[in-house]
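Report on the structure given below.
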Amino acid sequence: MDGLIRDGAFAAEYTDRAFHVKQCGSLQGHAEGVRENMSKDGNEIVGPRRTEYRLKTEPKVSALKGAEIIKSCLPEAPATPGVYRMVNQAGDVLYVGKAKNIRKRVTSYVNPNRQSPRIRRMVAQTRSMEFVSTHTEAEALLLEADLIKKLTPRYNILLRDDKSFPSILITGDHAFPQVLKHRGARKREGEYFGPFASAGAVNQSLHVMQRAFLLRTCTDSVFAARTRPCLLHQIKRCAAPCVGRIGESEYGDLVAQARDFLTGKSAEIQRELSRRMQAASDAQAYEKAAEIRDRIKAMTSVQARQDISAQGLEDADVIALHQAGGQSCIQVFFVRGGYNFGNRAYYPSHGGEATRDQILEAFVGQFYTNKEPPRLLLLSDQVTEPALLAAALTEKAGRKVRLQVPRRGDKLGLVAFALENAERALGRRLGESATQRELLDGVAELFELDNRPERIEVYDNSHISGAKPVGGMIVSGPDGFVKNAYRKFNIRSAGPAGGSAEAEAGDDYAMMREMLTRRFARALKEDPDRAEGQWPDLVLIDGGAGHLSAAREVFDELGVNDVALAAIAKGPDRNAGRERIFVPGRRPFRLDNRDPVLYFLQRLRDEAHRFAIGGHRARRSRDMERSPLDEIEGIGGVRKKALLHHFGSAKAVSQAGLADLEAVEGISKAMAARIYGWFHAED
């Protein structure tokens, strides 16, 4: 039940749209206590612009098979445009879909024999369904993309890496606008240009703009406090409006030129600058002519770096799909004002039966959920419903958005170039994956695993004589390191700060026991059936026989007997290549120092070590920044500063007498007594 309600009753953030939500299925008790304002009969909740239904069901329904449950939901499925989602017994969303007619679409799942094996598995796991009615099919498409991104259902085509892109902002809330890099919500007044594919592309463009247009990059507070030009003015990167070296009108001309440059009018600007350079040269103002020449060269440098020709194309995204080896790569090029603002490769997750048009349509829908689409999308393939997708993007952008699959001319050349990049990127990825698969096969053979490991977890801890101990867990799989699955553990029970009577300072074994206990006790609680893909096939410990024994004790106590366990100890004098490997029930052994599997295990061990040390250093740095005075109630910044100025250090404050504390300005007798009592509690 929690999985259904914890996201705010399906789509609470869409309160600007009027729609109806219905739910049916076998999850028991879900009609009780869903909302504080639920009506007495438990069937209906009325919100400001939507009505949500939670339909009570009999317990016996929970025994029905997935297809029968879906069939039982058909009477509640509206015959209108909208979105449906299929939910399993644990409350996790399996699939989110949209339809012009929800009832007709859901009917297709009633006979699973007509579906692919993957869809049959999804239907078999379905225990509940929810329906959302929308006004239009375009609105349903937008809602579907938003929910897929939010809920990441396992049976949908997923765009997993969808970070926001940086842009350039020319501020509009100051007489002398600032030019800067921007990422996130566009709340500040001004003009935004982008997106750029990377922060590096933005930084490069800002560098060019400083040279070409001499716009300030400093903050408003720095601008107001300047009394003389900064270094950027000295090296001809800023016009120094902060000290009056340029007037508001003249600076405004520079801003207008920068705006034209970012919107593709650089040729006009260059012609005007060339005319002014010649005029300055004719007047023998050679220093001024040289300054203008440098500005022209800066603008030309941008054009020289363009690797695609986008002349005549104002704002467009070029999106190309390449498939090989059962995987897909989608390259996106950002063209703004005739310039290439960079590109990025994406690898959407999908089943083997997904077609090119389905993959591309799902990608475009999810890609623009947190981005404003340009006026034109150039696609390598036609999507399933181009008119519907264009209508949805038009609604989101508030202006017309066109989809086009070029067949000839320069636009076809742009798509072909993007396809070449997609092919090369996927080739590199498949090459890396093939090597990774071979290494994982070697690991499976080495540790006598039944299958190639899909998830390897490696554990290490870091501390200095037991102080500030931190444990690190890194994860590796078929595609390399899975960094979003890494975890740090602030060790509580080991070391002098942990307060444990059982563990002495620097007890690595106690630290390892705590880390593994916390990790797998939680896994047993949250995923006892190993259904979420978060259980490892192999646990690798950075250590020797003692560490392996500590790990085995934890597994025995928790009853974990289906996870392979091994330890890798550094060689004599910590020499790489002479590591000893410990596996339960086998004698310790070494691998040939040229064995690729050994190199792989070393990389895993070193990554875990790096991650744990990083966590330890971060924790130590945070604690070093804190003062014992921060722990005392009533000691804020002013009193802390007064105490440190008077005594010189926190240690001196802790050793001060009561009378000495009372002599500090701003410290009353009561506060002095509190400080003294804090450091002398035993007295």
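Values below: every heavy atom of this structure, side chains too, minus hydrogens, waters and symmetry copies. We count residues from 1, following the sequence as given.
Ion pairing between Glu372 and Lys396 fails under the 4.0 Å rule for side-chain N and carboxylate O. For the pair Arg530 and Asp562, the salt-bridge criterion is met [side-chain N within less than 4.0 Å of a carboxylate O]. Residues Arg85 and Glu130 are paired through a salt bridge, judged by an N-O separation under 4.0 Å between the basic side chain and the carboxylate.
The shortest heavy-atom contact between Phe481 and Arg603 is CZ-O, 4.0 Å. Taking all atoms of both residues into account, the shortest heavy-atom contact from Leu558 to Ala521 is CD1-N, 3.8 Å. The nearest pair of heavy atoms linking Gly471 to Met515 is CA-SD, 3.4 Å. Of all heavy-atom pairs spanning Gly543 and Ala567, the tightest one is O-CB, 3.5 Å. For the pair Ile170 and Pro177, the tightest heavy-atom approach, listed with the atom from each and the gap, is CG2-CB, 3.9 Å. Shortest non-hydrogen contact noted between Ile675 and Leu643 is CD1-CD1, 3.9 Å.
Applying the side chain to side chain contact (heavy atoms under 4.5 Å, CB included) test between Val554 and each of Arg513, Met512, Arg518 identifies Arg513 as the sole match. Checking each of Leu601, Val458, Leu604, Ile541 against Ile568 for a side chain to side chain contact (heavy atoms under 4.5 Å, CB included) leaves exactly one that passes, namely Leu601.
Side-chain polar atoms of Tyr486 and Glu607 form a donor-acceptor pair below 3.5 angstrom.
Sequence neighbours left out, the pairs with a member in residues 548-570 that pass ring-ring contact (aromatic ring centres under 6.0 Å, His included) are Phe520-Phe555.
Relative ring orientation between Phe489 and Tyr459 is described as tilted, the plane-to-plane angle lying within the 30° to 60° band.
Cation-pi contact between Arg216 and Phe176: absent, since separation from the ring centre below 6.0 Å together with deviation from the ring axis within 45° is not met.
For Arg186, the CZ atom sits in a packed shell: over 12 heavy atoms of surrounding residues, nucleotides or ligands are nearer than 6.0 Å. The number of heavy atoms from other shown groups lying within 6.0 Å of CD (Gln655) is above 12.
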Tabulate below the donor-acceptor pairs under 3.5 Å that side-chain atoms of residues 230-237 make, not counting sequence neighbours, or state none.
residue	atom	partner	partner atom	Å
His233	ND1	Cys238	O	3.0
His233	NE2	Arg245	NH1	3.4
Arg237	NH1	Ile235	O	3.0

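Between the CD1 atom of Ile456 and the CD1 atom of Ile474 there is a distance of 8.5 Å, given to the nearest 0.5 Å.
The shortest distance between side-chain heavy atoms of Arg605 and Leu540 does not fall below 4.5 Å. Looking at Leu158 and Pro153, their side chains come closer than 4.5 Å, going by heavy atoms from C-beta outward. Contact of the Tyr192 side chain with the Ile168 side chain is not registered, since no non-hydrogen atoms from C-beta on lie closer than 4.5 Å.
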Report the C-alpha separation of Arg188 and Asp220 in whole Å, then their side-chain angles, then the decisive distance to 0.1 Å, and conclude whether the salt bridge (Lys or Arg N to Asp or Glu O under 4.0 Å) test is met. CA-CA 13 Å; Arg188 187 171 179 182; Asp220 292 348; 3.5 Å; yes
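Under a 3.5 Å cut-off, the side chain of Asp173 and the backbone N or O of Glu189 do not form any donor-acceptor pair.
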